[in-house]
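Here the structure is laid out as structure tokens; the discussion comes afterwards.
The shown structure was predicted, so the numbers you read here are calculated from the model rather than taken from an experiment. In this chain, numbering begins with 1 at the start of the sequence shown.
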Amino acid sequence: MSTAPTSAPVPLNGPLLQDDPARAYREMRREHGSVVPVLLDGGIPAWLVLGYRELHQITGDPALFSRDSELWNQWDAVPDDWPLLAMIGRRQPSILHMVGESHRRRAAMLVDALESVNPFQLRARAERFADELIDAICPRGTADLIAEYAMRLPVRVLAWVYGFSDEEGPGLVTALNDIADARDHDQSGQMLLLTSMTRLVADRRAKPVDDVVSRMLADPAGYTDEEVIHDLTVMLGAGHLPTADWIGNSLRLMLTDSRFAASLFGGRNSVADAMNEVLWEDTPNQNVAGRWASRDTQLGGRRIRAGDLLLLGLQGANSDPQIRTDSSALTGGNNAHFSFGHGEHRCPFPAQEIAEVIARTGIEVVLDRLPDIDLAVPAESLVRRPSPFMRGLSALPVTFTPTPAP
């Protein structure tokens, strides 16, 4: 990978990126410009694209900047136990690894399936699960809104969206959170997730109903059970953790920023504003892998070689001073952020709507049920999970007046 002599690659797992990413992106941009040479775990080189215009360019040109990871020119240097293989893996039969017309057909199938979700039923189910979680903590007067709430709500709702029974929901919560945390027993979580998905798809294949899985199986393209299982698993993982972090990051903002204090005392108008502010300033998906150059090219003044990996610096692009001339201004209704991606590989619009309903409902139920909620620790002591890719809290301890569960 060619870089300018003055541009030594930046290790992507440094502490600054976890503790103060805004400062880290500013320093990277000042030193390297909009396309930054970085080193992944094990010293594997890549590019981190921080420029808004450059990110728009590569996500809008899937022929030159492909989603096909088989193009990577570093595979010979990647060990079998590389910790990022789950994120930057070889081609699999899921939508994540499709390109060209195959991807467009697959995306159309997913959009059609997700559009079958009734938004009113979705919100009602999200309220029900949120209330159940609050029922478990409201008599205590203290809680960790990450472990006991945000990390439990999205997967419960998404399990219902897919067609899992309420009895299967808690097991899926544990399995997916174990996988997300990479705990020692995450293999058992992966096995439970796979067997549950396999059983659900087999049931719908034998007896279709009007739901997401049945629509996927009924698509004229005739996707196999394995392909549908892979897509369902990808959607569940991509929908759960970012939505959980969206809830957690928004609640943190509302508990620590005076601009949103009104929402904590009976108002609701600024819940959407706080959620949108998070997508601009504290987005759950900070950096995403990725795109691979299909031929030698230039980007942001850098020479990109065929097969180079480009990481999508979503948060860096959102804070690009070229388009955010006043970074202190509230973003309001401006939705031109990159938090859901861009181009034909962006998060499908119905999936964005589902995530927004889950997150907003989750936040509003907290504010309704725990109206005098407050942080139990100083704001500066809150800790983020150690990851250069996802931005979420390890814990959000709060206090409130205890109330009996209904």
Side-chain angles (χ1 to χ4, degrees), residues 1 12 35 38 40 44-75 78 82 84-111 113-114 216 219 221 223 226-239 241-242 283-300 302 304-317 338-352 388-390:
M1 179 176 294
L12 201 60
V35 181
V38 296
L40 303 175
I44 304 295
W47 299 101
L48 177 62
V49 182
L50 298 179
Y52 189 96
R53 292 182 178 87
E54 287 78 9
L55 200 59
H56 196 279
Q57 179 181 344
I58 67 174
T59 53
D61 190 348
L64 178 54
F65 300 102
S66 174
R67 188 64 185 83
D68 184 3
S69 61
E70 295 296 321
L71 296 173
W72 199 12
N73 54 27
Q74 294 297 316
W75 276 122
V78 174
W82 196 49
L84 297 182
L85 275 179
M87 183 178 301
I88 310 172
R90 289 187 177 274
R91 189 180 298 158
Q92 298 174 3
S94 78
I95 189 173
L96 279 184
H97 297 268
M98 298 289 106
V99 296
E101 185 59 30
S102 296
H103 177 270
R104 285 186 282 274
R105 288 196 303 268
R106 197 76 158 258
M109 177 268 290
L110 287 177
V111 167
L114 292 174
M216 293 171 71
D219 189 86
Y223 294 107
E226 182 187 15
E227 289 171 322
V228 171
I229 290 167
H230 272 279
D231 282 350
L232 288 169
T233 304
V234 164
M235 288 195 302
L236 187 62
L241 188 56
T283 188
N285 288 311
Q286 294 272 303
N287 302 301
V288 174
R291 300 293 187 271
W292 287 265
S294 60
R295 57 175 171 80
D296 291 357
T297 187
Q298 296 280 332
L299 182 71
R302 297 285 189 175
I304 309 298
R305 291 194 298 114
D308 279 359
L309 166 60
L310 300 106
L311 303 174
L312 311 185
L314 306 185
Q315 183 59 67
F338 270 104
S339 293
F340 291 113
H342 175 262
E344 61 180 47
H345 285 274
R346 69 188 181 279
C347 177
F349 186 68
Q352 297 179 34
F389 298 98
M390 298 295 297

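- Take Asp61 and apply the salt bridge (charged side-chain N to carboxylate O under 4.0 Å, His left out) test, not counting sequence neighbours, and it matches no residue.
- Take Asp219 and apply the salt bridge (charged side-chain N to carboxylate O under 4.0 Å, His left out) test, not counting sequence neighbours, and it matches no residue.
- Remark: the backbone N or O of Ile304 is not paired with any side-chain donor or acceptor of Gln298 at under 3.5 angstrom.
- Here Ser339 pairs with Thr283, Asn318 under the side-chain hydrogen bond (donor to acceptor under 3.5 Å, both in side chains) rule; sequence neighbours left out.
- Legend: residues meeting salt bridge (charged side-chain N to carboxylate O under 4.0 Å, His left out) with Arg295, ordered by chain and number and at least two apart, are absent.
- Under the side-chain contact (heavy atoms from CB on, under 4.5 Å) rule, Pro62 has a single partner from His103, Arg291, Glu344, which is Glu344.
- Residues passing the salt bridge (charged side-chain N to carboxylate O under 4.0 Å, His left out) test with Glu226: none are found, sequence neighbours excluded.
- A cation-pi arrangement is absent between Arg67 and Trp292 under the rule of less than 6.0 angstrom and at most 45 degrees off the ring axis.
- Listed for the Asn73 side chain is a donor-acceptor partner under 3.5 Å among the backbone atoms of Ala306.
- At least one donor-acceptor pair under 3.5 Å links the side chain of Ser294 to the backbone N or O of Ala63.
- In this structure a side-chain-to-backbone donor-acceptor pair under 3.5 Å is missing from Arg302 to Leu299.
- Looking at residues two or more places apart in sequence or on another chain, you find no ring pair (Phe, Tyr, Trp, His ring centres under 6.0 Å) involving Phe65.
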